[in-house]
Protein chains: 2
Amino acid sequence: MHTIATRSAPGSKGQETAKRVRMAALKRFAGAGYAAVSMREIAADVGVRPGALYNHFPTKQDILKDLMLTHMADLLTAWDTARFPEAMDPLERFVRFHIRYHLERADEVFISYMELRNLEPDNFEIIEAERRRYEAILTSILHEGSAAGRYSVDDPKVATRAIIAMLTGIPTWYREGGHLGEHDVEDLYLTMVRKAVASETRNFQTETG
Amino acid sequence: MHTIATRSAPGSKGQETAKRVRMAALKRFAGAGYAAVSMREIAADVGVRPGALYNHFPTKQDILKDLMLTHMADLLTAWDTARFPEAMDPLERFVRFHIRYHLERADEVFISYMELRNLEPDNFEIIEAERRRYEAILTSILHEGSAAGRYSVDDPKVATRAIIAMLTGIPTWYREGGHLGEHDVEDLYLTMVRKAVASETRNFQTETG
DNA sequence: CTTGAAAATGAATGAACGTTCATTTATAGA
DNA sequence: TCTATAAATGAACGTTCATTCATTTTCAAG
């Protein structure tokens, strides 16, 4: 009888250091920007000499790539596995999910759109494709709701970008412990989003002539 | 009779080089980010040796500061001096102005919120104060419209951030020559904004029970 | 305990960075 | 034309950067 499959190799501390590198880089990149962060700073945060980082990531660029690819994959997985009350309509599901996820993972979200330009073209394309997949979820909700007459949306793709920009802006100003709780924010934004796509349009075009 | 006030000093080409430095830095900062741009690159764009930049700006940081302070001042001045048709209501004025200005000056706008963290604290505070002044314009429009019963806005400050985030996102995807003209985009967003703050709220909360 | 591979070290590499400065060049006013 | 000064040069400063590598340390498996 022998041990079946302990994956850890000799001399290994598992993936512990690699995880610490990811965490340190995430904080630093989010705080100061990829270009302004040095490998020496990341190494110091991890408690290791700079050269040791290269046992886990071939280059600084690869740390950024890892963080961004992981984030986009996590985002889509989180949506696919999210659970909501039965009665909750798709638009409310999306709005609440997006706000919660973006407040929970503020650093990942932040670097994923701030550091896009620091990605090599191939990695940039991968990220962009994932982003389009995520936006397509909301576009589809708006499109179907529009077809069913529940919403009135002139251009679902434009509306998608408008709504996502609106929601994604929340982490730039929301702070825990302020006078608004996370749930208050969800409700406020949900109301605005619902109205923005509502089919009831009477009176909206009124000019103060 | 003698010349009254030629401001140009001996040996001076006016402010020509300084202007070219600003333009080159603006393009570079917007494209690659402040931290990733070198003084050597800016100098090469201008057609001058790196040392010459220091005849016009004391440090690299001061170029960024100059660009951002100028941008915020220009934005507020542009709003103050903008002309609109008499019949146009304040909300439409703001939405159209914001979209036009942000598409026209995309680079300035872009660096002014991407490079905030690269500003020294004093300069950061100045920029933030200007930004609050600008946001206050929309907040006031929403507040007054709400008080007059023309709009229904639960929290004018939150609505301000939501609307501005939504509008400011446009330059990230809008491209000239696409299937939507600038005027189409204005109309689409104006409709969504108007609906989002409209007082007609019947049916918006309907759940697909 | 021995072994072997992963992980970490410590030192070094060349390149690029922002900035300085003595000197030269260009130019507007006298 | 002469003069004074702004602007530009060319070379250098010390520092920091990402990365490499021979060597040492760590540690799970046999």
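Numbered from 1 within each chain, the chains take letters A, B, ... in sequence-line order. As the structure is a prediction and not an experimental result, all values here were calculated from the model. The basis for the numbers below is simple: all heavy atoms, side chains too, and nothing from hydrogens, waters or symmetry mates.
- Computed from coordinates, the B:Ile42 CD1 to C:dT19 P distance equals 10 Å when rounded to whole Å.
- In the interface, the side chain of B:Asn55 is paired with the base of D:dA8 through a donor and an acceptor atom under 3.5 Å apart.
- Map B:Val48 and A:Lys60 each onto its nearest nucleotide of DNA chain D; the residue landing nearer the 5' end is B:Val48.
- B:Asp80 and B:Thr77 share no side-chain donor-acceptor pair at under 3.5 Å.
- Nucleic acid contact for B:Val37: sugar-phosphate only, since backbone atoms but no base atoms lie under 4.0 Å from a heavy atom of the residue.
- Residue B:His56 places at least one side-chain N or O closer than 4.0 Å to OP1 or OP2 of D:dA8.
- Side chain of B:Lys60 to backbone of B:Met39: no donor-acceptor contact under 3.5 angstrom is found.
- Distances shorter than 4.0 Å separate none of the side-chain N or O atoms of B:Thr59 from OP1 or OP2 on C:dG18.
- You'll find that the side chain of B:Met39 is closest to C:dG18, out of C:dG18, D:dA8, D:dT19.
- Screening residues 137-148 of chain B for side-chain hydrogen bond (donor to acceptor under 3.5 Å, both in side chains) gives B:Thr139-B:Thr160, B:Ser140-B:Glu144 as the qualifying pairs, with residues at least two apart or on separate chains.
- For the pair A:Leu53 CG and D:dC17 P, the computed distance is 13 Å after rounding to whole Å.
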Polar-atom pairs under 3.5 Å, protein N or O versus N or O of nucleotides 10-14 of chain C: list them with distances, or write none.
| residue | atom | partner | partner atom | Å |
| --- | --- | --- | --- | --- |
| C:dG10 | OP2 | A:Arg49 | NE | 3.1 |

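- Panel note: side chain A:Thr172, backbone A:Gly169; a donor-acceptor pair is recorded below 3.5 Å.
- At D:dA7, none of the side-chain N or O atoms of B:Thr17 fall inside 4.0 Å of OP1 or OP2 (strictly under the cut-off).
- Side-chain contact annotation: B:His98 with B:Tyr134, donor-acceptor N/O pair under 3.5 Å present.
- At whole-Å resolution of the value, OH in A:Tyr54 and C1' in D:dA22 are 18 Å apart.
- Between the side chain of A:Glu115 and the backbone N or O of A:Tyr34 there is at least one donor-acceptor pair closer than 3.5 Å.
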